[in-house]
Novice: 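First the structure, which I've put down as structure tokens, then a few questions once you've had a look.
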Amino acid sequence: MDYSGDFIALDRAGLVALVEEFLSEKRAQHVFRVEETAIELAEKYGESAEKASIAALAHDLCKEMPDDKAMDVIIRENLDLELLEYGNNIWHGPVAAVYLENELSVTDEDILNAVRNHTVGAPKMSLLEQIIFVADYIEPGRNFPGVDEARQLAADNLTKVIDFATYHTLMHLLEKKVKIYPGTIDTYNAWSVEKGS
Ligand code: GDP
Ligand code: FE
Ligand code: FE
């Protein structure tokens with residue numbers, strides 16, 4: 001895909017090269033499958049395929065950043081300090097959004113929010129945010145119980161997939177008895193209880 005130059009200071013090949021530089025082979029392959037899925041959803045639901053490609057390729061860019069470096073970013077950039085109590089699983093989205101803004105000249109809030117919120121979600125999510133959240137959950141390499149049902153739901157309603165994903169992820173986290181990030185509860189309340197938008 002040719003990028004317009006309106007959203008990021010790299011062409012697609014440059015962004016792919018960054019993914020390959022920053023991430024293990026296995027995780028890079030996950031990222032490429034998320035991109036494929038996100039472009040399909042963008043075409044189906046009427047979102048920009050270019051923005052879907054950029055947000056998808058960038059979403060896990062900081063997933064393998066050393067904790068001390070990520071913690072420096074959180075402090076220096078005045079992100080929510082509560083992130084520090086949770087670890088990489090929770091902060092890699094917000095940290096990647098900072099990287100895109102500072103290093104790759106991304107200013108589009110929709111792309112930044114899609115990357116920032118891809119793990120925890122948010123009570124209100126734009127179409128692009130929903131697409132990245134869902135594509136990350138259903139990409140063809142995912143094989144957890146329930147993923148086929150989620151894929152079927154994605155064929156006609158993103159809201160239902162977000163309800164499904166939020167509920168099942170929270171259930172899974174509770175079963176593992178790990179610390180729940182408050183934003184995860186906010187997303188659950190909005191999308192699984194109040195059936196958000
Ligand atoms: P990935 O980066 O493609 O592996 O996927 P995500 O960014 O969606 O999720 C990263 C990890 O964070 C997953 O293992 C989730 O289960 C986990 N996670 C999501 N919400 C929470 C939370 O509130 N608390 C904790 N401890 N982990 C969470
Ligand atoms: Fe992630
Ligand atoms: Fe991911």
Novice: Taking side-chain hydrogen bond (donor to acceptor under 3.5 Å, both in side chains) as the criterion, tell me which of Asp186, Asp80, Thr119 meets it with Tyr181.
Specialist: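 Of all the options given, the one that passes is Asp80.
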
Novice: Run the numbers on Val134 and Ile162 for side chain to side chain contact (heavy atoms under 4.5 Å, CB included), then give the verdict.
Specialist: CA-CA 7 Å; Val134 168; Ile162 298 171; 3.8 Å; yes

Novice: Which pair of non-hydrogen atoms, one from Leu10 and one from Tyr3, has the smallest distance, and what is that distance?
Specialist: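 Looks like O-CD1, 3.6 Å.
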
Novice: Please test Arg27 against Glu20 for salt bridge (Lys or Arg N to Asp or Glu O under 4.0 Å), starting from the C-alpha separation and ending with a verdict.
Specialist: CA-CA 9 Å; Arg27 187 159 278 122; Glu20 286 171 336; over 6 Å; no

Novice: For the residue pair Arg142 and Tyr137, establish whether any side-chain heavy-atom pair is separated by less than 4.5 Å.
Specialist: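 No, their side chains stay 4.5 Å or more apart.
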
Novice: How long is the gap from CG on Leu158 to NZ on Lys44, to the nearest 0.5 Å?
Specialist: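 Result: 9.0 Å between the selected atoms.
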
Novice: Quick one: are Trp91 and Asp67 in side-chain contact, heavy atoms under 4.5 Å?
Specialist: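 Yes; the side chains approach each other to less than 4.5 Å.
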
Novice: Where the side chain of Ser105 meets the backbone of Ala9, is there a donor-acceptor pair that is under 3.5 Å apart?
Specialist: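 The answer is no, because no donor-acceptor pair under 3.5 Å joins these two groups.
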
Novice: Indicate yes or no for a side-chain donor-acceptor contact from Asn157 to the backbone of Leu153 under 3.5 Å, with no hydrogens or angles considered.
Specialist: no

Novice: Step by step, work out the side chain to side chain contact (heavy atoms under 4.5 Å, CB included) result for Tyr99 and Val95.
Specialist: CA-CA 6 Å; Tyr99 182 85; Val95 171; 5.8 Å; no

Novice: If we ignore angles and hydrogens, is there a donor and acceptor under 3.5 Å between the side chains of His118 and His92?
Specialist: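 A pair is found: one side chain offers a donor N or O, the other an acceptor, under 3.5 Å apart.
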
Novice: Are Val120 and Val178 connected, step by step, through hydrophobic side chains (Ile, Leu, Val, Met, Phe, Trp, Tyr) whose heavy atoms are closer than 4.5 Å?
Specialist: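 In one cluster: no.
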
Novice: Using side-chain heavy atoms (C-beta onward) and a distance below 4.5 Å, is Glu47 in contact with Asp110?
Specialist: yes

Novice: Walk me through whether Asp148 and Arg151 qualify under salt bridge (Lys or Arg N to Asp or Glu O under 4.0 Å).
Specialist: CA-CA 5 Å; Asp148 283 329; Arg151 288 182 183 125; 3.0 Å; yes

Novice: What's the spacing between Glu77 CD and Asp72 CG if we round to 0.5 Å?
Specialist: 11.0 Å

Novice: State yes or no: do Leu104 and Val19 share one hydrophobic cluster built from I, L, V, M, F, W and Y residues joined by side-chain heavy-atom distances below 4.5 Å, directly or via other members?
Specialist: yes

Novice: Can you tell me if NZ on Lys177 sees more than 12 non-hydrogen neighbours from other groups inside 6.0 Å?
Specialist: no

Novice: Which distance, rounded to the nearest 0.5 Å, do you find between the CG of Asn113 and the CD1 of Ile132?
Specialist: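 Asn113 CG to Ile132 CD1: 12.0 Å, rounded to 0.5 Å.
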
Novice: Give a yes or no on whether Asp2 atom CG has more than 12 heavy-atom contacts from other residues, nucleotides or ligands under 6.0 Å away.
Specialist: no

Novice: Atom CG in Leu174, atom NZ in Lys176: separation rounded to 0.5 Å?
Specialist: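 The distance works out to 11.0 Å.
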
Novice: Tell me if a side-chain donor or acceptor on Thr184 pairs with a main-chain N or O of Ile180 at a distance below 3.5 Å.
Specialist: no

Novice: Grab the two heavy atoms, one from Ala97 and one from Leu112, that are nearest each other, plus how far apart they are.
Specialist: O-CD2, 3.5 Å

Novice: Where do Glu50 and Ser4 land on the side-chain hydrogen bond (donor to acceptor under 3.5 Å, both in side chains) test, with the steps shown first?
Specialist: CA-CA 8 Å; Glu50 179 183 356; Ser4 61; 2.9 Å; yes

Novice: May I ask you to decide whether Glu35 forms a salt bridge with Arg12, counting only side-chain N to carboxylate O separations under 4.0 Å?
Specialist: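 Counted as a salt bridge, because a side-chain N and a carboxylate O are separated by less than 4.0 Å.
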
Novice: Locate the shortest heavy-atom distance separating Ile54 from Ile111; write the atom from each residue and the value.
Specialist: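 In this case the closest contact between Ile54 and Ile111 is CG2-CG2, 4.0 Å.
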
Novice: Do the side chain of Lys63 and the main chain of Leu23 share a donor and acceptor less than 3.5 angstrom apart?
Specialist: no

Novice: Could you tell me whether the side chain of Val193 reaches within less than 4.5 Å of the side chain of Tyr167, counting heavy atoms only?
Specialist: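 Side-chain contact under 4.5 Å: no.
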
Novice: Where the side chain of Glu129 meets the backbone of Ser126, is there a donor-acceptor pair that is under 3.5 Å apart?
Specialist: yes

Novice: Can you find a pair of side-chain heavy atoms, one from Phe164 and one from Ser192, that are under 4.5 Å apart?
Specialist: no

Novice: Identify the two heavy atoms, one from Ala154 and one from Ile138, that lie closest to each other, and give their separation to 0.1 Å.
Specialist: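 Residues Ala154 and Ile138, closest heavy atoms: CB-CD1, 3.7 Å.
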
Novice: Could you walk me through whether Glu101 and Val106 pass the side chain to side chain contact (heavy atoms under 4.5 Å, CB included) test, one step at a time?
Specialist: CA-CA 5 Å; Glu101 222 176 339; Val106 176; 5.7 Å; no

Novice: Would Leu61 and Val34 show up in the same hydrophobic cluster when neighbours are defined by side-chain heavy atoms closer than 4.5 Å?
Specialist: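 No: no chain of side-chain contacts under 4.5 Å links Leu61 to Val34.
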
Novice: Are Trp191 and Leu173 connected in the hydrophobic side-chain network, where two residues link if heavy atoms are under 4.5 Å apart?
Specialist: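 Trp191 does not cluster with Leu173.
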
Novice: My understanding is that only residues two or more places apart in sequence, or in another chain, count here; which of them pass salt bridge (Lys or Arg N to Asp or Glu O under 4.0 Å) with Lys26?
Specialist: none

Novice: Membership question, hydrophobic clusters at under 4.5 Å side-chain separation (ILVMFWY): are Val115 and Val16 in the same one?
Specialist: yes

Novice: Dump the intermediate steps for side-chain hydrogen bond (donor to acceptor under 3.5 Å, both in side chains) on Glu64 and Asn88, then the final yes or no.
Specialist: CA-CA 8 Å; Glu64 295 174 12; Asn88 179 273; over 6 Å; no

Novice: State which residues pass salt bridge (Lys or Arg N to Asp or Glu O under 4.0 Å) with Glu36; sequence neighbours excluded, sorted by chain then number.
Specialist: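 For Glu36, no residue satisfies salt bridge (Lys or Arg N to Asp or Glu O under 4.0 Å) once neighbours in sequence are set aside.
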
Novice: So, for Ala58 and Ala96, which heavy atoms are closest and what is the spacing to 0.1 Å?
Specialist: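 So the minimum-distance heavy-atom pair works out to O-CB, 4.0 Å.
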
Novice: Is the shortest side-chain heavy-atom distance between Ser53 and Phe7 below 4.5 Å?
Specialist: no

Novice: What's the separation between atom CG in Asp136 and atom NE2 in His59, rounded to the nearest 0.5 Å?
Specialist: 3.5 Å

Novice: Distance from Leu83 atom CG to Ile90 atom CD1, nearest 0.5 Å?
Specialist: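 One gets 8.0 Å once the value is rounded to the nearest 0.5 Å.
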
Novice: Looking only at heavy atoms, which two atoms of Thr37 and Glu139 are closest? And how far apart?
Specialist: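 For Thr37 versus Glu139, the nearest heavy atoms are OG1-CA, 3.7 Å.
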
Novice: Going by heavy atoms in the side chains, are Phe144 and His168 under 4.5 Å from each other?
Specialist: no

Novice: So do Leu57 and Phe32 actually touch side chain to side chain, heavy atoms under 4.5 Å?
Specialist: yes

Novice: Is it the case that more than 12 heavy atoms not belonging to Met1 sit under 6.0 Å from its CE atom?
Specialist: yes

Novice: Might you work through the side chain to side chain contact (heavy atoms under 4.5 Å, CB included) test for Phe133 and Leu128, ending with a clear yes or no?
Specialist: CA-CA 9 Å; Phe133 188 90; Leu128 185 67; over 6 Å; no

